[in-house]
Amino acid sequence: MKRTAFFDKNYLGRVVLYVSLTVLAVGIMFYIGYHLTGDARGGIDTVYAVSDTLPRTVKGDAYIIRDEYPISDSVGSGYLSPTVRDGDKVTAGGKVADVYNTSSAALSEKITLIEEQIAFYEKCKKTFVTVGDTTSVHRDISESVIAIRRRIASGDVSYALKAKPTLTMSIRRLGVLTGRVKDFESQIASLNTELANVKSTLGTAIGTVYAPKAGYYFSTTDGYEGKFSAKNIDSVTYSDMVNVMETADEARPQAGSAGKIVTGFKWYVACRMTSAGAANFKQGSTYSVGLSENPELPLDMRVSRVITNAAEAIVIFECSNITDGYDYTRLQEFEAVYEETRAYKVPVSAVRVHEGMQGVFILDELKVKFRRITVIEEENGFYLCYSADPSEEASDSTYGYLMENDVVITSGTGLYVGMTYNPKK
């Protein structure tokens with residue numbers, strides 16, 4: 001009997017042929033894909049291009065100029081206890097301080113704070129007060145707490161003591177606006193009792209200080225009162241200004257001083273900088289200026305004068321804003337914003353030169369494209385770049401500017417325009 005073959009050899013041959021052809025086709029596809037993707041076979045890193053407002057600033061030393069008149073009274077060996085807070089407006093002949101045999105700065109500050117709270121509730125008694133919107137008060141409290149925490153974290157514990165009165169008064173206002181505090185008489189009585197107890201520890205009052213003229217009272221002097229004033233601001237020279245500024249940080253409060261009166265609401269800040277920096281400020285224009293002792297409170301100031309001397313200059317800003325609790329320490333550091341622009345923050349590693357143009361490669365779906373950029377400056381491993389509207393593109397350029405939400409390639413080699421990137425490789 002003839003045996004039947006276990007395998008159909010013809011069928012087996014056809015299977016082997018089909019498998020071989022399939023493997024060959026797949027291999028050809030991989031080979032073609034390999035070369036189509038060029039050298040972008042490795043992984044690449046990307047970030048989204050997101051623009052933000054970029055302030056352009058100038059920094060340096062600043063000197064505060066005001067019309068100041070030291071009070072001729074002297075406290076001698078006694079201790080000055082102001083009855084008004086620094087910066088409060090007073091009338092000519094108005095009481096500004098008591099003089100005691102013994103005291104302390106902490107007690108004096110506490111007395112002033114209690115008196116302010118009493119005055120606040122007295123005003124509430126005379127004014128019809130209704131429960132109202134507390135948004136602004138909540139914001140003031142939040143900003144005060146955040147500022148105190150930041151300054152303490154940086155080692156400036158004294159700031160917490162300065163900020164306490166403002167925070168306390170904000171909390172008092174919150175109690176009234178929310179309706180939790182309605183009996184103003186009881187609040188005043190309680191504070192008067194507290195005030196009497198604190199004052200009893202001061203000793204005996206040996207004198208009283210009155211304001212010689214109307215203005216804003218400040219309890220300390222530094223010896224530089226009258227060096228420059230608002231009256232001669234238009235005639236002060238560059239060399240005169242520099243000579244005073246270079247010694248102002250050596251200023252000390254005068255012993256036994258009863259304080260000073262600042263007349264007029266207009267004051268000035270002389271800011272020392274390079275001539276190149278001063279070129280950014282136009283006389284008569286207004287800019288935002290911040291001082292180091294008031295980091296949370298930049299003020300809008302108008303350029304009064306620009307005094308130049310070869311490579312250096314002094315820009316004098318004028319301000320009419322008298323702010324409660326503002327620190328007018330004579331010499332401070334300033335930061336003035338002369339321009340704000342929309343810009344992108346691009347990693348240095350992403351910036352390339354293509355066809356003589358500076359820019360970045362981006363990934364548009366799976367295609368590599370090029371976008372131009374205009375670098376403003378380098379900062380901590382990033383380039384700050386101008387954002388540009390597509391309508392501003394040069395007509396003779398093939399490539400547009402970087403735009404919002406472009407996917408910027410920050411790393412990778414062998415990149416070129418038109419390349420197809422296969423993320424699976």
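All values below come from the heavy atoms of this structure, side chains included, with hydrogens, waters and symmetry mates left out.
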Subject >> Stepwise side chain to side chain donor-acceptor pair (under 3.5 Å) check, Ser229 with Arg66 >> reply: CA-CA 5 Å; Ser229 69; Arg66 301 184 292 177; over 6 Å; no

Subject >> Smallest separation among heavy atoms of Met245 and Leu331, with atom names >> reply: O-CD2, 4.0 Å

Original post:
Is the closest basic N to carboxylate O distance between Glu68 and Lys227 below 4.0 Å?
Top reply: no

**OP:** Please work out which of the three classes, parallel, tilted or perpendicular, describes the rings of Phe370 and His354, given edges at 30° and 60°.
**Re:** tilted

**OP:** With side chain to side chain donor-acceptor pair (under 3.5 Å) as the test, would you mind laying out the steps for Tyr328 and Glu293 before giving the verdict?
**Re:** CA-CA 8 Å; Tyr328 293 92; Glu293 295 302 317; over 6 Å; no

Original post:
Mind checking whether Tyr326 and Trp267 have parallel, tilted or perpendicular rings, split at 30° and 60°?
Top reply: tilted

Original post:
Do Phe228 and Tyr268 have ring centroids that are under 6.0 Å from one another?
Top reply: no

Subject >> Glu225/Arg330 salt bridge by N-O under 4.0 Å criterion >> reply: yes

Original post:
Given side chains that start at C-beta, do those of Ile314 and Val236 come closer than 4.5 Å, heavy atoms only?
Top reply: no

Subject >> For Glu318, salt bridge (charged side-chain N to carboxylate O under 4.0 Å, His left out) partners two or more places apart >> reply: Lys266, Arg302

Subject >> Under 3.5 Å donor-acceptor, Ser219 side chain and Pro82 backbone >> reply: no

Original post:
Considering all heavy atoms of both residues, which atom of Tyr63 and which atom of Val244 are nearest to each other, and what is their separation?
Top reply: OH-CG1, 3.4 Å

Original post:
Charged N to carboxylate O below 4.0 Å: is that the case for Glu312 and Arg272?
Top reply: yes

Original post:
Is any NZ, NE, NH1 or NH2 atom of the basic residue among Lys95 and Asp98 found under 4.0 Å from an Asp or Glu carboxylate oxygen of the other?
Top reply: yes

Original post:
If we only count heavy atoms from C-beta on, is the Val269 to Leu291 side-chain gap below 4.5 Å?
Top reply: yes

Original post:
Hey, are the side chains of Phe265 and Asn321 touching, using non-hydrogen atoms and a 4.5 Å cut-off?
Top reply: no

Subject >> Lys/Arg N to Asp/Glu carboxylate O, Asp406 vs Arg371, below 4.0 Å >> reply: yes

Original post:
Is it the case that Arg372 places NZ or CZ above or below the six-membered ring of Tyr401, under 6.0 angstrom from the centre and within 45 degrees of the axis?
Top reply: yes

Original post:
Do we get Lys213 above Tyr69's six-membered ring, with its NZ or CZ under 6.0 Å from the centre and within 45° of the axis?
Top reply: yes

